[in-house]
Amino acid sequence: MSLSDFSDATKVIKTTTKPDPATGALNPPIQLSSTFEQKDLDHFGKYDYTRSGNPTRDVLEDSIAELEHGTRGFAFATGMAAISTAFLTLHQGDHVIVTSDVYGGTFRLVTELLPNYGIEYDFVDCNDPAALEAAFKSNTKVVYIETPANPTLKVTDIRQVVEIAHKHDALVFADNTFMTPIFQKPLDLGVDLVLHSGTKFLAGHSDILAGLIVTKTKELGDAVYFIQNAMGATLGISDCWLLLRGIKTLVFGSRPKPAMR
Ligand SMILES: Cc1ncc(COP(=O)(O)O)c(C=O)c1O
């Protein structure tokens with residue numbers, strides 16, 4: 001039997017349940033330690049400092065990577081911290097195309113902060129293939145979409161955007177906050193990097209802020225990890241545990257309720 005034979009609810013539980021290697025506990029211990037003992041001066045163990053890696057955060061990051069069918073997952077203090085990290089994979093002189101319907105915080109980041117770092121942008125209706133084609137420049141590195149968008153709920157044709165962007169050697173980043181991996185897996189449609197405000201449906205209880213990234217390739221994952229560790233906007237460990245718990249029951253909150261008998 002493979003994972004694809006199970007219902008979505010069971011798949012989510014199986015994916016997020018990674019028994020603690022030390023005790024077999026089905027729920028990961030909340031490892032509230034900034035620092036980990038090193039047995040050897042020259043060779044660090046798997047963990048040395050929680051900004052760089054933590055066993056509880058690993059369970060969350062591995063879980064979201066599996067749920068999104070990606071290579072590597074990353075947890076951040078907020079959705080905006082995740083989005084900022086994604087944009088920081090760009091460099092001075094690069095150009096990004098951003099879909100015209102985008103969350104206000106993302107709009108603010110793109111218009112008010114990116115220019116300070118020499119990153120150019122254009123907002124384009126990414127559902128208009130001619131407009132999208134016309135927006136590419138020789139320095140366009142990323143097309144950034146959010147579908148459905150907040151607050152207009154405008155839906156973007158992910159496959160069409162991917163086809164056009166990849167033809168121009170640009171990556172596609174997609175904010176999947178509203179659909180969650182239960183209803184939409186952008187990486188399966190060719191997207192290169194998926195983002196979430198985990199604050200919303202994934203956490204599901206309106207009690208924490210959180211952000212997530214999942215990358216398709218190891219190379220992009222390495223670039224995101226470098227920025228996550230260098231900038232340090234990681235998700236607190238107690239909140240990693242709460243987010244993981246929220247994800248476990250995501251399907252039950254997402255399905256229409258059966259009629260009462
Ligand atoms: C689609 C979308 N992306 C990103 C964000 C930002 O997430 P956060 O509030 O966790 O920083 C939001 C917040 O409303 C959102 O709706």
Side-chain angles (χ1 to χ4, degrees), residues 51 57 60-61 63-65 67-68 70 73-90 96-114 119 121 123-127 142-158 161-162 171-187 189 191-215 220 224 227-228 231-247 250 253-254:
R51 173 162 38 74
R57 199 173 81 218
L60 169 65
E61 293 181 334
S63 297
I64 192 65
L67 288 171
E68 284 285 11
F74 302 91
F76 297 88
T78 66
M80 285 317 304
I83 293 168
S84 306
T85 299
F87 278 118
L88 279 181
T89 61
L90 293 164
V96 56
I97 296 171
V98 183
T99 193
S100 43
D101 284 57
V102 82
Y103 168 61
T106 307
F107 179 87
R108 178 174 53 201
L109 175 78
V110 168
T111 55
E112 306 275 333
L113 269 182
L114 293 194
I119 298 166
Y121 64 85
F123 286 94
V124 173
D125 177 356
C126 285
N127 260 340
V142 164
V143 177
Y144 184 101
I145 57 173
E146 178 183 307
T147 177
N150 180 9
T152 60
L153 297 183
K154 186 165 173 186
V155 172
T156 301
D157 183 336
I158 298 178
V161 171
V162 165
L171 300 177
V172 179
F173 295 177
D175 185 329
N176 197 28
T177 298
F178 273 25
M179 291 303 265
T180 82
I182 299 303
F183 295 120
Q184 178 168 276
K185 289 187 173 58
L187 299 181
L189 304 175
V191 162
D192 301 281
L193 181 149
V194 170
L195 295 139
H196 286 281
S197 169
T199 312
K200 309 287 168 1
F201 304 107
L202 293 178
H205 293 76
S206 296
D207 50 8
I208 61 163
L209 298 185
L212 296 164
I213 287 180
V214 180
T215 58
L220 197 49
V224 170
I227 299 166
Q228 184 194 40
M231 254 184 30
T234 51
L235 184 60
I237 301 311
S238 301
D239 288 352
C240 286
W241 195 93
L242 283 172
L243 181 52
L244 199 58
R245 183 169 71 165
I247 294 172
L250 176 63
S254 310

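Both backbone and side-chain heavy atoms feed into the values below; hydrogens, waters and symmetry mates do not. Counting starts at 1 for both ligands and their atoms, following the listed order. The first residue of the sequence shown is numbered 1, and numbering continues consecutively from there. Remember, it's a predicted structure, so these values are computed and weren't measured experimentally.
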Legend entry - Inter-residue atom distance L109.CG - F87.CZ, 0.5 Å rounding: 6.0 Å
Inset, instruction - May I ask you to decide if the ring planes of F74 and F76 are parallel, tilted or perpendicular, using 30° and 60° as cut-offs? - result: tilted
Legend entry - ligand 1 atoms in contact with A210 (distance to a heavy atom under 4.0 Å): 10 (O)
Legend entry - Atoms in ligand 1 with a heavy atom of S197 nearer than 4.0 Å: 4 (C), 5 (C), 6 (C), 7 (O), 8 (P), 10 (O), 12 (C)
Legend entry - For atom 6 (C) of ligand 1, closest protein heavy-atom neighbour: Y103 CE2, 3.4 Å
Inset, instruction - Report, in ascending order of atom number, the atoms of ligand 1 lying under 4.0 Å from any heavy atom of T177. - result: 1 (C), 2 (C), 3 (N)
Legend entry - Residue pair V224 / T89, side-chain heavy-atom distance below 4.5 Å: yes
Inset, instruction - Identify which one of V194, L187, L202, L212 satisfies the side-chain contact (heavy atoms from CB on, under 4.5 Å) criterion when paired with P181. - result: L202
Inset, instruction - Give the ring-plane orientation class for F173 versus Y144, where under 30° counts as parallel, over 60° as perpendicular and anything between as tilted. - result: perpendicular
Inset, instruction - State the OG1-CD1 distance between T78 and I83, to the nearest 0.5 angstrom. - result: 8.0 Å
Legend entry - Non-hydrogen side-chain atoms of H205 and R245 separated by less than 4.5 Å: no
Legend entry - N or O pair under 3.5 Å between M80 and ligand 1: yes
Inset, instruction - Do me a favour and list the nearest non-hydrogen protein atom to atom 3 (N) of ligand 1 with residue, atom name and distance? - result: D175 OD2, 2.6 Å
Inset, instruction - Examine the proximity of ligand 1 to L209 and report which part, side chain or backbone, both or neither, has a heavy atom under 4.0 Å away. - result: neither
Inset, instruction - May I ask you to identify the nearest protein heavy atom to atom 16 (O) of ligand 1, giving residue, atom name and distance to one decimal place in Å? - result: N150 ND2, 2.7 Å
Legend entry - Test side-chain contact (heavy atoms from CB on, under 4.5 Å) applied to I145 and T99, V98, D175, the passing residue: T99
Legend entry - Sub-4.0 Å atoms of ligand 1 with respect to non-hydrogen atoms of T199: 8 (P), 10 (O)
Legend entry - I83, any N or O under 3.5 Å of ligand 1 N or O: no
Legend entry - Polar atom proximity, K200 to ligand 1 (N or O, under 3.5 Å): yes
